[in-house]
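To start, the structure itself, in structure tokens.
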Amino acid sequence: MNSRTQAAAAPPPQALWIWGRTALVSALGLGLLATLAVASLGSWPASVLLPAAMVVLAAAFWLFRHPATNLFVVLVGFVIVADNEAGFQLREVLYALYLYSVLALWYFDRLLIRRKPLLRTRADQALGLFLLLLPFTMVLTVIFNGRLVGALSELFSLSLLALYFPLKETAARYRWAPRALVLTVVSVGMLVALRNCFEYWQMLGRVTQAWQVETGRVVTNDSLLMVSSLFGLTLMVYANRWKVLIASGACFLLCFAGLILTQSRGYWMAFSLGAMALFALADNRRRVRMLLVGGAGLAAMISVGYVLVGSYMGLLLGGLGERILSIGTAFTADLSLINRFREAASVMELVKENPVLGYGMGVSYYFYDIAHQLTDYDALVHNGYVGLWYKFGIWGAGLMLFFWGNTLWHGIQAARARACTPWTRICGLAAAVSLTGFALSTITSNPFFLKDSLFIFSVTAGLSGGAYLRFRREHAEAPAT
């Protein structure tokens, strides 16, 4: 290696200075904590806590030297905070500290150390402008007497959109990243589905009447399960070997079983729309596989269900059948769905009074709930499109919808590009059909409010954007014909 190559490979002096100073400050902080622990806890507890702290510090130091690995840990680690419990849990605080440390370091390194451009597409520019203006909407919260605690909670959830940029760049930069990210999304969905299935199995042990089996549900993470089901279905449809087909089919069925147990008709319909988009974008051979293997897989899932829950399976299928048949009459007979349409109409009356700026985060509105026969006062707007307009005005809704539509189109472009590698196409296709599914579920379930929905929406958009950047590069590198 010549001197010029060595100089190019060595880190810049500024980076060495920053890393060195960070290491010294960390060592000083650890020393102070160790002194405090020995002074307050005594030698025996400190002898247990200090080695554990040293192991955690060493693992953190190794992880933060490998940004790509850090991102994968962030994705998988989301499972531990994905249950949407009320209030702030300790694990949520620890995960948030880790997540924001990863994001801060990535943006610091990208913008200040390596000085590489962040906004490379129009979708990037739209999301970047939205995130830049987002904190300033707290002024609107104060003006319209919103709850600051609620606004800060919404701000935290919406800040998960910042995952889009590092995930996009990781998918675009590393050849192995599209495959690893797609498999990670499916793995996260499987872990959530296993948890939901276990909770449902525990619920069956407590039932005393048949109707409890028919109406029983586990409502957690329906959006995440919808996306992971579509990712698993895409893997199954595009598997090139029997072993891969069987493995991907098992992953899909597990995620899909978790989605079914949520009994969320909105996300069932969203999955159906995404599956139809996949069917439309696939070639004829894969369409036939989708129909045959999908049908056989559903039969296998029902058979496994009979083995696991026995006589309850008939009641469960009956309840699911009634739930599915009720979709056709939901618009006229389902009080919950009618309520959400009435809610959206009430919020639109407020939007008409302030369509440009919006009302900000944490600002509640009055609405008469016909299901509970009372006047509700809440900041959540179940219709995501109306909710964006209500909180952020036409500018916020316009930026987010442009970002969404542009990113979806980028995924389709990557999926249909013949010059791309198979995993780049699968990554773009799975992301595109998932973003298509979100377009339907957003009518009744706001994905821009809860952290699990925003998390998986950001991840999906990041994979779509990364596949598009890989498509542009691979297309440019492809030999001319």
How close do Arg342 and Phe367 get, counting heavy atoms only, and between which atoms? C-CE1, 3.5 Å
Validation row, ring centre Phe130 to ring centre Phe403 under 6.0 Å: no
Mark yes when over 12 heavy atoms from residues, nucleotides or ligands other than Arg179 sit less than 6.0 Å from its CZ; otherwise mark no. no
Would you call Leu119 and Phe165 a side-chain contact if the rule is heavy atoms closer than 4.5 Å? yes
Taking C-beta and beyond as the side chain, do Asn284 and Arg287 meet within less than 4.5 Å on heavy atoms? yes
Within this structure, what is the NZ-CG distance for the pair Lys391 and Asn446, rounded to the nearest 0.5 Å? 8.0 Å
side-chain contact (heavy atoms from CB on, under 4.5 Å) between Phe252 and Val186, worked out: CA-CA 8 Å; Phe252 159 67; Val186 176; over 6 Å; no
Grab the two heavy atoms, one from Leu233 and one from Ala275, that are nearest each other, plus how far apart they are. CD2-CB, 4.0 Å
List the atom of Ala123, the atom of Tyr164, and the distance in Å for their closest heavy-atom pair. CB-OH, 4.3 Å
Verdict with supporting geometry, Leu399 and Phe392, side-chain contact (heavy atoms from CB on, under 4.5 Å): CA-CA 10 Å; Leu399 287 173; Phe392 306 112; over 6 Å; no
Heavy atoms, side chains only, cut-off 4.5 Å: are Leu158 and Met361 in contact? yes
Rounding to 0.5 Å, atoms CG (Leu97) and CG (Leu94) come to a distance of 6.5 Å
Working note: Arg340 + Asn383, criterion side-chain contact (heavy atoms from CB on, under 4.5 Å); need CA distance, chi angles, decisive distance, verdict. CA-CA 7 Å; Arg340 296 191 180 189; Asn383 187 309; over 6 Å; no
What distance separates Met236 CE from Cys251 SG, expressed to the nearest 0.5 Å? 11.0 Å
Heavy-atom side-chain proximity of Glu353 to Tyr359 below 4.5 angstrom: yes
Roughly how far, to the nearest 0.5 Å, is CG of Leu435 from CZ of Phe438? 7.5 Å
Can you tell me how far the OG atom of Ser434 sits from the CD1 atom of Ile456, to the nearest 0.5 Å? 7.5 Å
Would you say the rings of Phe457 and Trp404 are close, in the sense that their centroids are separated by under 6.0 Å? yes
With respect to Leu131, which candidate in Leu129, Leu133, Leu127 satisfies the side-chain contact (heavy atoms from CB on, under 4.5 Å) definition? Leu127
Would you give the length of the straight line joining atom CG of Asn221 to atom CG of Leu191, rounded to the nearest 0.5 angstrom? 11.0 Å
Verify salt bridge (charged side-chain N to carboxylate O under 4.0 Å, His left out) between Glu349 and Lys352, making sure each step is shown before the conclusion. CA-CA 5 Å; Glu349 293 300 318; Lys352 292 176 183 178; 3.5 Å; yes
Is any side-chain heavy atom of Phe471 less than 4.5 Å from a side-chain heavy atom of His410? no
Any heavy-atom pair between the side chains of Val192 and Leu225 that's under 4.5 Å? yes
For Arg147, does the CZ atom sit with more than 12 other heavy atoms under 6.0 Å from it, leaving out its own atoms? no
Do other residues, nucleotides or ligands put more than 12 heavy atoms under 6.0 Å from Trp176 CH2? yes
Less than 4.5 Å apart, side chain to side chain, heavy atoms only: is that true for Trp106 and Leu163? no
List the steps and the verdict of side-chain contact (heavy atoms from CB on, under 4.5 Å) for Leu99 and Phe78. CA-CA 9 Å; Leu99 168 64; Phe78 186 80; over 6 Å; no
